[in-house]
*Asks:* 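Sending over a structure as structure tokens; questions will come in a sec.
All values reported here derive from a predicted model rather than from experimental measurement. Just so you know, ligand 1 is whichever comes first in the structure, and atom 1 is the first atom listed for that ligand.
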Amino acid sequence: MTPIELKILDSRVGAEFPLPQYATPGSAGLDLRACLDAPLTLAPGETQLLPTGMAIHIKDPALCATILPRSGLGHKHGIVLGNLVGLIDSDYQGQLMVSCWNRGHSTFTIEPGERIAQLVILPIVQAQFTVVEEFAQSERGAGGFGSSGRQ
Ligand SMILES: O=c1ccn([C@H]2C[C@H](O)[C@@H](COP(=O)(O)OP(=O)(O)OP(=O)(O)O)O2)c(=O)[nH]1
Ligand SMILES: [Mg+2]
């Protein structure tokens with residue numbers, strides 16, 4: 001386990017709303033909860049930025065966090081992320097925010113404390129680019145975007 005600092009910005013976090021935790025020993029993600037004062041209704045097509053009531057400071061530039069949708073909410077109810085994937089930089093110290101997008105056809109109500117997305121901590125490699133005139137030829141070369149066909 002990698003220690004990461006977490007600041008509670010809303011006193012309900014860690015009390016009525018549990019802190020993010022790995023649900024099982026093999027979990028990759030920690031569920032994030034909507035730190036709302038009242039239920040929030042998302043109409044079809046609507047996007048709202050929801051607070052989580054907490055901040056993390058990852059510190060280590062060799063790590064980042066991503067915010068991903070929960071599969072049940074996304075698949076069954078069309079509740080995904082307005083930014084598709086959220087990327088949390090290692091030097092970000094502000095509140096973790098979740099952009100919730102109702103891409104479905106029905107209104108969906110998010111309750112205070114409801115688990116709306118998941119946080120996944122990942123390793124990062126920062127690159128330093130070396131500008132060259134030519135690349136050593138690879139097997140693929142510039143082929144892409146379906147160049148290998150469909151079957
Ligand atoms: O779903 C998200 C995505 C980002 N962030 C925070 C953490 C991240 O480190 C910061 C900046 O995110 P990003 O670089 O993706 O956004 P930007 O539009 O490029 O903003 P900036 O100009 O602040 O970098 O916003 C969130 O809280 N939730
Ligand atoms: Mg940015």
*Asks:* Before accepting this row, confirm whether a basic side-chain N of the pair R33/E114 lies closer than 4.0 Å to the acidic partner's carboxylate O.
*Replies:* no

*Asks:* Among all protein heavy atoms, pick out the one at the shortest distance from atom 5 (N) of ligand 1; state its residue, atom name and that distance to 0.1 Å.
*Replies:* I88 CD1, 3.7 Å

*Asks:* Among all the protein's heavy atoms, is there at least one whose distance to atom 27 (O) of ligand 1 comes out below 4.0 Å?
*Replies:* yes

*Asks:* Do any nitrogen or oxygen atoms of G86 lie less than 3.5 angstrom from nitrogen or oxygen atoms of ligand 1?
*Replies:* no

*Asks:* Checking a contact table here: which protein heavy atom is nearest atom 14 (O) of ligand 1, and how many Å away?
*Replies:*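 Result for atom 14 (O) of ligand 1: D89 OD2, 3.9 Å.
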
*Asks:* Do the non-hydrogen side-chain atoms of T107 and L42 ever get within less than 4.5 Å of each other?
*Replies:*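 Contact flag for T107/L42 side chains = no.
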
*Asks:* Provide, to 0.1 Å, the distance between atom 10 (C) of ligand 1 and the closest protein heavy atom, together with that atom's residue and name.
*Replies:* Y92 CD1, 3.9 Å

*Asks:* Let me know which of L73, L36, V98, N102 forms a side chain to side chain contact (heavy atoms under 4.5 Å, CB included) with I110.
*Replies:* L36

*Asks:* Within the protein, is there a heavy atom lying under 4.0 Å from atom 21 (P) of ligand 1?
*Replies:* no

*Asks:* I'd like to check atom 18 (O) of ligand 1 in this structure: does the protein have a heavy atom lying under 4.0 Å from it?
*Replies:*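 Looking at atom 18 (O) of ligand 1, one finds that no protein heavy atom lies closer than 4.0 Å.
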
*Asks:* Given side chain to side chain contact (heavy atoms under 4.5 Å, CB included), test I56 with L119 step by step and report yes or no.
*Replies:* CA-CA 11 Å; I56 59 171; L119 189 76; 4.1 Å; yes

*Asks:* To check your reading of the model: name the closest protein heavy atom to atom 4 (C) of ligand 1, its residue, and the distance in Å.
*Replies:* L87 O, 3.5 Å

*Asks:* What is the nearest protein non-hydrogen atom to atom 3 (C) of ligand 1, stated with its residue, atom name and distance?
*Replies:*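 It is N83 ND2, 3.6 Å.
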
*Asks:* Hey, mind stepping through K7 and M54 against side chain to side chain contact (heavy atoms under 4.5 Å, CB included) and telling me if it holds?
*Replies:* CA-CA 6 Å; K7 201 153 66 166; M54 73 184 80; over 6 Å; no

*Asks:* Treat each ILVMFWY residue as a node, draw an edge where side-chain heavy atoms are under 4.5 Å apart, and state whether Y92 and L6 are in one component.
*Replies:*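 Shared cluster, yes.
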
*Asks:* Can you confirm whether the side chains of T41 and T109 place a donor and an acceptor under 3.5 Å from each other?
*Replies:*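 Short answer, yes.
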
*Asks:* Should you measure from each heavy atom of Q95, which atoms of ligand 1 turn up under 4.0 Å away?
*Replies:* 27 (O)

